[in-house]
Amino acid sequence: MLLLCTFLTLCFSAVHSQFPRVCTTDEALRDKSCCPAWEDGSPCGSLSGRGICRNWVTNVQFPIRFAARVPQYDDDRLNWPRDYFNRTCECFRTYGGFNCGDCRNGFHGEECDLVKTVVRREIRELSLPERKKFFSYLQLAKTTKSKDFVVLTTGDRHDRSTYRFVDATIYNVFAWIHYYSTHAIMTPSSFDLSHTYAHRGPAFPGWHRLGLLFLERQIQLLTNDEDFALPYYDWRGEKNCSICTNNFMGKNDVQGNLDPSSYFASWRSICSSFHFNDAYCPGVDHENEMERLLRRPGTHRTIKTLPSFKDVEDTLKWSVFDRSPYDAGATRSFRNVLEGFMRASDGTTSATTMHNQVHVYIGGTMSQVPISANDPMFVLHHCYIDKIFELWITKYNGNPTSYPNNDQPGQGPKECCTPYFPCFWNKDLLRKSTDLGYKYSTYQGS
Ligand SMILES: *[C@@H]1O[C@H](CO)[C@@H](O)[C@H](O)[C@H]1NC(C)=O
Ligand SMILES: *[C@@H]1O[C@H](CO)[C@@H](O)[C@H](O)[C@H]1NC(C)=O
């Protein structure tokens with residue numbers, strides 16, 4: 001394991017996201033340094049051998065086709081985290097986190113020497129008390145201010161002097177990370193709408209894997225429950241959204257409002273109504289003005305069903321992880337079929353399938369990409385997408401070498417998955433989930 005870690009120095013840290021609160025002081029931003037002191041008073045816990053503060057070296061080698069385009073970009077997220085930090089912690093052995101004060105995923109305890117693999121189960125496999133516990137944990141994450149992280153807001157993305165870092169609750173940091181990553185890429189005066197950092201390319205499954213790990217770990221820390229695992233929703237072959245009832249995720253009226261007596265009726269969407277390109281979540285400090293969650297399962301004009309058992313089987317037929325041009329047009333690509341841009345059976349016919357189909361089917365908040373993570377349905381859905389990703393990894397012995405060179409900005413194999421912090425290389429998310437401290441139950445379907 002030690003040998004492995006020297007090879008993969010950056011890959012194994014616990015998932016924490018930008019921006020660590022202590023790294024957003026004027027001083028830290030001016031020096032571009034994010035090497036906070038740990039309990040022993042030394043940066044990155046270096047005196048205790050937990051980690052070291054390193055100059056951050058760019059690993060990006062843009063392919064020729066893309067290199068020609070790069071100078072046209074003026075995006076704060078490109079070549080992450082270069083625009084914000086050029087010195088960050090690198091944690092040793094089983095330590096992790098932005099200051100090496102936490103453990104890498106799958107390790108626990110003061111000294112990070114306890115190995116643990118949590119099991120993610122289908123939400124209908126949970127007992128009633130377990131389910132209620134999950135909902136109360138989510139509620140706590142939705143209402144507890146994150147002590148470690150802040151979020152970025154601005155009304156004008158082109159004017160860096162207007163960028164501000166503000167408080168958010170733990171769940172809202174999670175929803176914000178997705179929002180931030182899905183925004184169009186900035187050019188000096190406009191936007192490139194054809195790319196995002198989290199979708200439409202090989203980073204898609206790993207990006208979402210990291211997001212879920214972030215939320216899961218934050219809830220473990222918040223509740224002091226190291227056994228906590230996110231549940232998933234196996235929607236295969238469902239006639240309707242059978243968990244859209246008040247015992248589970250909540251029922252809705254024809255307008256899409258959640259029933260007042262359902263668990264998430266009072267939730268508001270961070271960054272909602274502000275998902276236009278030229279801003280980053282400008283209303284974030286006025287949470288009471290945000291809209292409530294909306295859901296309209298089964299009422300879409302054309303997408304009237306959830307994916308079938310066969311769709312999932314067909315998706316797993318595609319043995320090549322991703323193919324050129326590594327975007328929403330890639331054919332016979334496992335990633336593009338899973339993401340839902342191609343019909344699973346032939347891999348070549350454009351259609352709204354799999355991951356995309358479920359977002360559209362559920363409707364409302366879930367169907368608007370930038371704010372979709374506000375609905376906890378997103379968590380259950382993406383855990384199931386991640387389970388299918390994991391089935392593919394097992395079936396084809398997927399590993400970091402399966403991750404292709406490609407020219408999607410931010411999605412190169414050795415680019416840091418944007419905007420997670422410290423750096424995780426995109427390719428290093430393509431590995432067995434047990435390496436990251438979790439696995440999935442074998443649910444056969446309802
Ligand atoms: C990091 O950025 C700061 C501020 O721009 C600069 O002074 C410093 O030389 C940079 N360090 C490295 C290692 O690039
Ligand atoms: C799903 O369909 C079943 C059978 O038609 C029905 O009883 C149930 O109320 C529906 N559930 C929802 C959430 O619409």
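Order of appearance sets the numbers: ligands from 1, and atoms from 1 within every ligand. Hydrogens, waters and symmetry mates play no part in the numbers below; they use all other heavy atoms, side chains included. From a predicted model like this one, the values you see are computed outputs, not experimental measurements.
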Run the salt bridge (charged side-chain N to carboxylate O under 4.0 Å, His left out) test on Arg124 and Asp234 for me, step by step, so that the C-alpha distance in whole Å, both residues' side-chain angles and the decisive distance to 0.1 Å come before the verdict. CA-CA 9 Å; Arg124 287 162 293 186; Asp234 178 347; 5.8 Å; no
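- Here Asp76 does not pair with Arg160 in a salt bridge; the nearest charged N to carboxylate O distance is not below 4.0 Å.
- A heavy-atom cutoff of 4.0 Å around ligand 2 is satisfied by the protein residues Asn240, Cys241, Cys244.
- Remark: Arg121 fails to qualify as a cation-pi partner of Tyr440 under the 6.0 Å distance and 45° angle criteria applied to the six-membered ring.
- For a threshold of 3.5 Å applied to N or O pairs, the pair formed by Asn86 and ligand 1 contains at least one separation below that value.
- Near Asn55, meaning under 4.0 Å from one of its heavy atoms, ligand 1 places the atoms 13 (C).
- In this pair, Tyr280 and His183 present their aromatic rings tilted. The plane angle is within the 30 to 60° band.
- Cation-pi geometry between Arg50 and Trp38 is satisfied (NZ or CZ under 6.0 Å from the ring centre, within 45° of the ring normal).
- Per-residue contacts place Lys32 under 4.0 angstrom from the following atoms of ligand 1 (heavy atoms of the residue considered): 2 (O), 5 (O).
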Take Asp314 and Arg343 through the test salt bridge (charged side-chain N to carboxylate O under 4.0 Å, His left out) and record every step on the way to the result. CA-CA 9 Å; Asp314 285 344; Arg343 192 177 289 162; over 6 Å; no
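- With respect to the salt-bridge test (charged N to carboxylate O, under 4.0 angstrom), the residues Glu216 and Arg120 qualify.
- Distances shorter than 4.0 angstrom occur between a heavy atom of Arg30 and an atom of ligand 1.
- Remark: Arg104 fails to qualify as a cation-pi partner of Tyr95 under the 6.0 Å distance and 45° angle criteria applied to the six-membered ring.
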